[in-house]
Student: 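The following block contains the structure, expressed as structure tokens.
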Amino acid sequence: MPATAIAASGAVEFERLGRTAGFGSYHFSRETMRALEELGAQRRRGREVNSIFGEGVNPKLRKVRGALDSVGLPSEQLLQHGSPRLIYAVPLAANFRDILVGRAKRPKYLMTQKAPENGTLSISDYWMQRWLSPRITRPGILEAVEKHTLAHPITHGARVALPNRSDESIGDEMGILPEE
């Protein structure tokens, strides 16, 4: 985003921070992921993680880890895939690193703080012009968005409906014997 779009004193852009340790679940097949999610939900007699916005960082990974742990498999080793990913951030303060690690108390914002809502409005205006407007004019987009709701019953695309299956059938798929 051009700094002029938000009256910033510096560039507002992605900055490479580092890389991950290569930890995740992408190396598991869809079938394995489905079986692990079902196993985890049935072992807990419900779902602690529903895969909806607001449940924290990587709910899928937490579900898979819980399922692996519940049957005694080494989740730390199995989730280590060895393919690190790059990590980026969009700093809004020149001293963001010092703020995050506690070396500085006051951020040196790139945007003026005299009227913070103006910075927020500028960012949202730029986003609407650059990204939102071109997309909502595509055929079918607004109709697809209308199908999502956070009201009960929740029907948005991030919600995963699990079939009602027994522990034994899931264990059979994974090659795990039921407890005696």
Side-chain angles (χ1 to χ4, degrees), residues 1-8 11-17 20 23-68 70 75 79 81 83 85-93 96 100 109-113 115-167 169-170 173-174:
M1 176 170 49
T4 55
I6 56 168
V12 178
E13 59 192 1
F14 283 99
E15 182 176 324
R16 182 175 164 178
L17 300 180
T20 67
F23 198 78
S25 61
Y26 84 89
H27 55 296
F28 293 123
S29 71
R30 283 189 198 134
E31 293 80 18
T32 299
M33 290 298 292
R34 181 183 48 76
L36 285 170
E37 288 187 21
E38 290 178 21
L39 174 66
Q42 290 182 4
R43 290 273 178 166
R44 288 187 310 273
R45 305 287 182 231
R47 289 176 286 182
E48 296 169 5
V49 181
N50 295 300
S51 298
I52 59 174
F53 181 77
E55 288 189 318
V57 177
N58 208 337
K60 179 168 70 171
L61 188 63
R62 291 196 321 260
K63 286 193 284 190
V64 170
R65 178 178 314 195
L68 291 170
S70 76
S75 62
L79 291 169
H81 55 63
S83 298
R85 295 184 179 162
L86 298 177
I87 302 170
Y88 288 87
V90 180
L92 298 179
F96 80 99
L100 292 174
Y109 290 110
L110 299 175
M111 297 180 291
T112 179
Q113 293 301 298
E117 65 278 359
N118 290 339
T120 303
L121 288 174
S122 297
I123 290 171
S124 57
D125 285 345
Y126 179 81
W127 175 81
M128 284 189 287
Q129 290 172 12
R130 174 67 178 90
W131 298 103
L132 179 64
S133 295
R135 280 156 183 79
I136 62 173
T137 58
R138 291 181 187 165
I141 294 294
L142 292 177
E143 293 79 9
V145 171
E146 284 178 345
K147 294 178 183 175
H148 301 272
T149 177
L150 292 177
H152 188 73
I154 297 172
T155 59
H156 64 83
R159 186 161 177 93
V160 178
L162 296 176
N164 188 10
R165 296 173 55 183
S166 70
D167 283 340
S169 68
I170 296 169
E173 286 179 19
M174 296 177 58

Student: List the residues meeting side chain to side chain contact (heavy atoms under 4.5 Å, CB included) with Y88, not counting sequence neighbours, and say none if there are none.
Tutor: F14, R16, L86
Student: Closest approach of I141 and I136, non-hydrogen atoms and distance?
Tutor: CG2-CA, 4.2 Å
Student: Name all residues meeting the side chain to side chain donor-acceptor pair (under 3.5 Å) criterion together with S83; count only those two or more places apart in sequence or in a different chain, and write none if there are none.
Tutor: Y26
Student: Are more than 12 heavy atoms from other residues, nucleotides or ligands located less than 6.0 Å from atom CZ of R30?
Tutor: no
Student: Tell me, please, which residues at least two apart from S133 pass side chain to side chain contact (heavy atoms under 4.5 Å, CB included).
Tutor: none
Student: Tell me every residue that passes side chain to side chain contact (heavy atoms under 4.5 Å, CB included) with E15, counting only those two or more places apart in sequence or in another chain.
Tutor: L17, P91, F96, R97
Student: Does Y126 offer a backbone N or O that forms a donor-acceptor pair with the side chain of R130 under 3.5 Å?
Tutor: no
Student: Tell me, please, which residues at least two apart from M33 pass side chain to side chain contact (heavy atoms under 4.5 Å, CB included).
Tutor: S25, F28, E37, K60, V64
Student: For K147, is there an ion pair with E143 - N to carboxylate O distance below 4.0 angstrom?
Tutor: no
Student: Specify the closest pair of heavy atoms between A67 and L39, including all atoms of both residues, with the distance to one decimal.
Tutor: O-CD2, 4.1 Å
